[in-house]
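All values derive from a computational prediction rather than experimental measurement. All ligand and atom numbering here is 1-based and tracks the order in the structure.
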Amino acid sequence: MSNNLPSSPGGDEPDPRLRVLSRSPLNAELPLESQGSVITPNHLFFHRNRFAQPDLSPLTWRLYVGGTVEQPLTLRYADLLKRPARTLTVTLECAGNGRSAFAPPADGEPWDYGAVGTAEWTGVRLADVLREAGVRAETREILFEGADAGKLDGRDGDTRFARSLPVDQALHRDTLIAYAMNGDPLPAAHGFPARLIVPGWYGVASVKWLTRIVALTEPFTGYFQRERYIIPADDGSPTPLTYVPPRSVIVSPADGQRVTAGRCVIRGLAWSGGGIVSAVDVSTDGGRTWRSARFTSRAEPHAWRAWEFAWDAPPGEHVLQSRATDEAGNTQPDVAPWNRLGYANNAIQALRLTCLELGDR
Ligand SMILES: Nc1nc2c(c(=O)[nH]1)N[C@H]1C(S)=C(S)[C@@H](COP(=O)(O)O)O[C@H]1N2
Ligand SMILES: [Mo]
């Protein structure tokens, strides 16, 4: 498979630590026990794909910017690299993360809690590119098209992966056209040569293998905008998914683990698309009482934070829970509203821990 001039980096077998839900297209998550660090290494970053991964050459790839703009642009890979670069640490979470905790089960990939990761993304500000093209006043949305397409049930021909953003979100200073991930060129599986990064929004907004950006005067009604990534409504006006609500996960100990009673440190991660996570509270008694955890990584506007909670664990069975609250006051519910497509389940996670007396077996 390899040659002297690979058209795109990466493309190896998924790391054995990833839990593979499907191989083609590749969908895989990183189980909680492997979510050790604030920055997720590229080879451990979750995969969420609708279609087969396109293979794009940096030599022939072009990014077209058109629609209702004064001056359409065609950018090459080298043009992107020449522009002022900006690096942001951003957590990406799939809207289906936590779906397997819904009862009854909802449609879609049964993600546990691992369809989330954090990377340092480097690229150019989308706003700079749009300003250069000159977005005209009548523009309502900006559409982003990926190079990937395929057949969907009940639809003729191929459907392309495409998503739109309201103009103000597209012009947000932190919305990037990213070409690097943790200091390396974007891996092929994560969107090489370039992808969108929309901090704070569910991962679906961050279109991979970006090839076209189109200014629109009407709201986009494509499949991945109107039929998926929405909370269905009986009256036919679904709620689109945008910002990620707060979530925290306990990374250690693992669910079902048996430990020796005594000093026990609970460790986890917490994030929110609505602002910096300002508090994580922990319960060791199934939600009756809550105490504050301590942050062990600094606050970044768009990334998760590591936290820990030291506890003197008595012998017996315990239910551990954590709850994140962001600076806007959003917090996690005990139960998230069930929906047919199984999105946005940010309910408080509960795990069981057995503490044994020293010498018990
Ligand atoms: N072109 C394209 N972009 C895409 C997708 C896709 O299937 N095709 N999946 C989206 C979804 S639902 C998520 S959660 C993220 C996942 O990004 P990752 O595979 O790099 O983790 O990419 C988004 N961008
Ligand atoms: Mo997703």
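Residue Phe295 is not grouped with residue Val251 when hydrophobic side chains (ILVMFWY) are merged at heavy-atom distances under 4.5 angstrom, including chains of intermediate members. Transitive grouping of hydrophobic side chains (ILVMFWY, heavy atoms separated by less than 4.5 Å) brings Leu241 and Ile197 into a common cluster.
With a 4.0 Å heavy-atom cut-off, ligand 1 is reached by no atom of Pro25. For Phe161, every heavy-atom contact with ligand 1 shorter than 4.0 Å involves the side chain, none the backbone. Within the 4.0 Å heavy-atom criterion, neither part of Tyr202 lies near ligand 1. Contacts with ligand 1 closer than 4.0 Å are made by no heavy atom of Glu93, backbone or side chain. The part of Phe45 lying near ligand 1 is the side chain, judged by heavy-atom distances below 4.0 Å.
Checked for salt-bridge contact, Glu141 and Arg163 miss the test: no charged N lies under 4.0 Å from a carboxylate O. A salt bridge does not link Arg352 with Glu317: none of the charged nitrogens is closer than 4.0 Å to a carboxylate oxygen.
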Subject >> Verdict with supporting geometry, Trp121 and Phe45, ring-ring contact (aromatic ring centres under 6.0 Å, His included) >> reply: CA-CA 13 Å; Trp121 308 94; Phe45 208 90; 5.7 Å; yes
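Residue, atom and distance of the protein heavy atom nearest to atom 21 (O) of ligand 1 are Phe46 O, 2.7 Å. Among all protein heavy atoms, the one lying closest to atom 24 (N) of ligand 1 is Ser206 O, 3.0 Å. Atom 3 (N) of ligand 1 has Lys208 N, 2.9 Å as its closest protein atom, hydrogens excluded (heavy atom only). Of all protein heavy atoms, the one lying nearest to atom 15 (C) of ligand 1 is Gly203 O, 3.6 Å. Among protein heavy atoms, atom 16 (C) of ligand 1 sits closest to Arg48 CB, 3.7 Å. Here the protein heavy atom with the shortest distance to atom 17 (O) of ligand 1 is Arg195 NH2, 3.1 Å. Looking from atom 12 (S) of ligand 1 to the surrounding protein, the closest heavy atom is Tyr229 OH, 3.2 Å.
Of all atoms in ligand 1, numbered sequentially from 1 with element shown, those under 4.0 Å from a heavy atom of Asn49 are 7 (O). Short contacts between ligand 1 and His47, defined as distances under 4.0 Å to a heavy atom of the residue, involve ligand atoms 19 (O). Atoms of ligand 1 lying under 4.0 Å from any heavy atom of Arg50, numbered from 1 in the order shown and given with element: 7 (O). Below 4.0 Å from some heavy atom of Cys94 lie the following atoms of ligand 1, by number and element: 14 (S). Every atom of ligand 1 with a heavy atom of Trp209 under 4.0 Å away is listed here by number and element: 1 (N), 2 (C), 8 (N). Numbered from 1 in the order shown, with element, the atoms of ligand 1 that lie under 4.0 Å from a heavy atom of Val207 read 3 (N), 24 (N).
At most 12 non-hydrogen atoms from other residues, nucleotides or ligands lie less than 6.0 angstrom from CG of Asp234. When the shell of 6.0 Å around CZ of Arg155 is examined, it contains more than 12 heavy atoms from other residues, nucleotides or ligands.
For the side-chain hydrogen bond (donor to acceptor under 3.5 Å, both in side chains) test with Ser248, the passing option among Arg323, Gln332, Gln349 is Gln332; the others fail.
The option with the heavy atom closest to atom 10 (C) of ligand 1, from among Leu241, Asp148, Val204, is Val204.
Cation-pi geometry between Arg267 and Trp307 is not met at under 6.0 angstrom from the ring centre and within 45 degrees of the axis.
Outside the 6.0 Å centre-distance limit, the rings of Tyr202 and Tyr229 are not counted as a close aromatic pair.
Taking the six-membered ring for Trp and thresholds of 30 and 60 degrees, Tyr243 and Trp201 have ring planes inclined between 30 and 60 degrees apart.
Listed for the Thr331 side chain is a donor-acceptor partner under 3.5 Å among the backbone atoms of Ala324.
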